[in-house]
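Just so we're clear, the structure is a prediction, and the values are computed from it rather than from any experiment. FYI, side chains are in, hydrogens and waters are out, and symmetry mates aren't considered; it's all heavy atoms of this structure.
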Amino acid sequence: MAEFIVLGAGMVGISSALALQEAGHTVTVVDRVQPGLETSFGNAGIIQTEAVEPYALPQDISTLWRYAIGQTNDVLWKLEPTLRMAPALWRYFLNSATDKHRKISITYAKLAALATADHAPLIEASGSEELIIRNGLAMLYRDEASFEKEKARAERLEREFSVRSRIVDGVTYQAEEPALKQAPAGAIHWLDSWSCKDPGGLTQAYAALFEQRGGRIIHGDASSLTQTTTGWVVKTEQGIVGAEQVVIALGPWSPELLKRFGYRIPMVYKRGYHGHYQETTSLNRPFLDVANGVLAAPMSRGIRVTTGAALVDLNDPADPEQLERGVNALRSLLEMGERVQEKQWYGTRPCMPDMLPVVGKAPKHDRMWFHFGHGHQGFTQGPTTAKILMADIAGERESQWLPLEPSARF
């Protein structure tokens, strides 16, 4: 058995630590903040078994033009950051072509299919059952054309990937969901996805489980990582911590750290915002208002509304225009009260140009492992890809996961 440092205490990092610990390794997690306070804190809290196809860039000029001139709330952008991301965005666009996207989805769908089964034992062991809602995820459509298109897609996903769903007319769905003020054109209810009332709380519960089992979590500076003759060291509040091996699980901050070690990792940074609003009528399950690019979910603090993607720099100040625009539109559909007073949260989804997470051995360094780049699905996929990483470390990787390996990707 070996000693490991895991850099990053989000869902992906903590899942890595738990998997290593279960295999008998000694593990120290190092992060600048407490577990689950970055992207894992503020996401929509969905364990998305229906997410069998990664978000692709549109291939039609009309939709791209709407993005470009700001006519959709799905994507906002700033010029300079978008230009800096242009090489990664171009590769993302090429990989979104039908044939390539279909091939990528074969791997992606396998990850989605394992998600709830891999979370389940951690939920039970961490005593987090009260945080989990097991009644699916809905996508609501405001016009018949969009609804008809997505009905066909839902039927295709059931045929190709065995993803279960209900196709529901708008009036029927409104009767099931009293929080709706009006009937949408229709809804697709994805039956097997789970949701979480407090995603940061679930990550923290997993972290507490890791500590109960003998692991250490220490505040420290990931950027101080240094290779030694025997392994790796990093500066922490408790002094220099060393280990034979290191796992990089820093999400969107991974490429910046790895520049010092000679890696140039292309990444698309998609910022998201959330806000909480008083729940005046109980919301039974989360739903996406497809037309306005916002998702509403019942959370411990009220109804959490989360946004689509903003292409901005990692360190840009908060600009919740996308959230405010989406909430204004959402209020015509959903009964909810005033905003809960809180600091404006935002986080960044680390998206790779090929839409797959990076899981495996660092190409240039012994005893360094990569585990990042999950895009929109770090909360969903963390425990699953942690198992894949552990198998790789043990020399037992299955061939079906070869597309996740770093070596052929940059």
Please indicate whether [X] has more than 12 foreign heavy atoms, meaning atoms of other residues, nucleotides or ligands, lying under 6.0 Å from its [atom1].
X	atom1	answer
K361	NZ	yes
K181	NZ	yes
E80	CD	no

Non-neighbouring partners of [X] that pass salt bridge (Lys or Arg N to Asp or Glu O under 4.0 Å), sequence neighbours left out:
X	result
R91	none
K78	D316
R166	E176

Measure the shortest side-chain to side-chain distance between [X] and [Y] over non-hydrogen atoms and say whether it is less than 4.5 angstrom.
X	Y	answer
Q278	M336	no
S146	V290	no
N292	L330	no
L76	R325	yes
V163	E53	no

- ring-ring contact (aromatic ring centres under 6.0 Å, His included) contacts in which one or both residues fall within residues 43-75, not counting sequence neighbours: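 Residue pairs with at least one partner in residues 43-75: Y55-H376.
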
- Task: Name all pairs fulfilling the side chain to side chain donor-acceptor pair (under 3.5 Å) condition that reach into residues 13-22, sequence neighbours left out, sorted by first residue then second.
- Result: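 Output for this query lists S16-H371.
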
For [range], pull every pair meeting salt bridge (charged side-chain N to carboxylate O under 4.0 Å, His left out), keeping only residues two or more places apart or in separate chains.
range	result
residues 276-295	R142-D289
residues 207-216	none
residues 295-313	R84-D313, R301-E342
residues 103-122	D118-K387

When you compare the side chains of [X] and [Y], does any donor N or O come within less than 3.5 Å of an acceptor on the partner?
X	Y	answer
Q34	H219	yes
R271	Y273	yes
E50	S193	yes

- Message: With ring pair (Phe, Tyr, Trp, His ring centres under 6.0 Å) as the criterion, how do F287 and Y173 come out once you've worked through the C-alpha distance, each side chain's angles and the decisive distance to 0.1 Å?
- Response: CA-CA 11 Å; F287 73 85; Y173 196 80; 7.7 Å; no

- Message: Over 60° means perpendicular and under 30° means parallel, so tell me whether F379 and H119 are parallel, tilted or perpendicular.
- Response: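 If you compare the ring of F379 with that of H119, the planes turn out tilted.
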
- Taking the inter-plane angle between the rings of F372 and F370 on a 0 to 90° scale, is it parallel (under 30°), tilted (30 to 60°) or perpendicular (over 60°)?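 Tilted, since the angle between the ring planes falls between 30° and 60°.
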
- Task: Scan F210, F4, W369 and name whichever one has a ring pair (Phe, Tyr, Trp, His ring centres under 6.0 Å) with H25.
- Result: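 Among F210, F4, W369, the one meeting ring pair (Phe, Tyr, Trp, His ring centres under 6.0 Å) with H25 is F4.
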
With sequence neighbours excluded, tell me which residues meet side chain to side chain donor-acceptor pair (under 3.5 Å) with [X].
X	value
E160	R156
D60	S62, T63
E148	K151

- Got a salt bridge between R164 and D192, using NZ or NE/NH1/NH2 to carboxylate O under 4.0 Å?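 Yes, this pair counts.
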
- Is a salt bridge present between E129 and R134, judged by a nitrogen-to-oxygen distance below 4.0 Å?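 Salt bridge: yes.
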
- Task: Have a look at P199 and tell me which of M299, M11, Q204 forms a side-chain contact (heavy atoms from CB on, under 4.5 Å) with it.
- Result: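 Between P199 and the candidates, side-chain contact (heavy atoms from CB on, under 4.5 Å) is satisfied uniquely by M299.
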
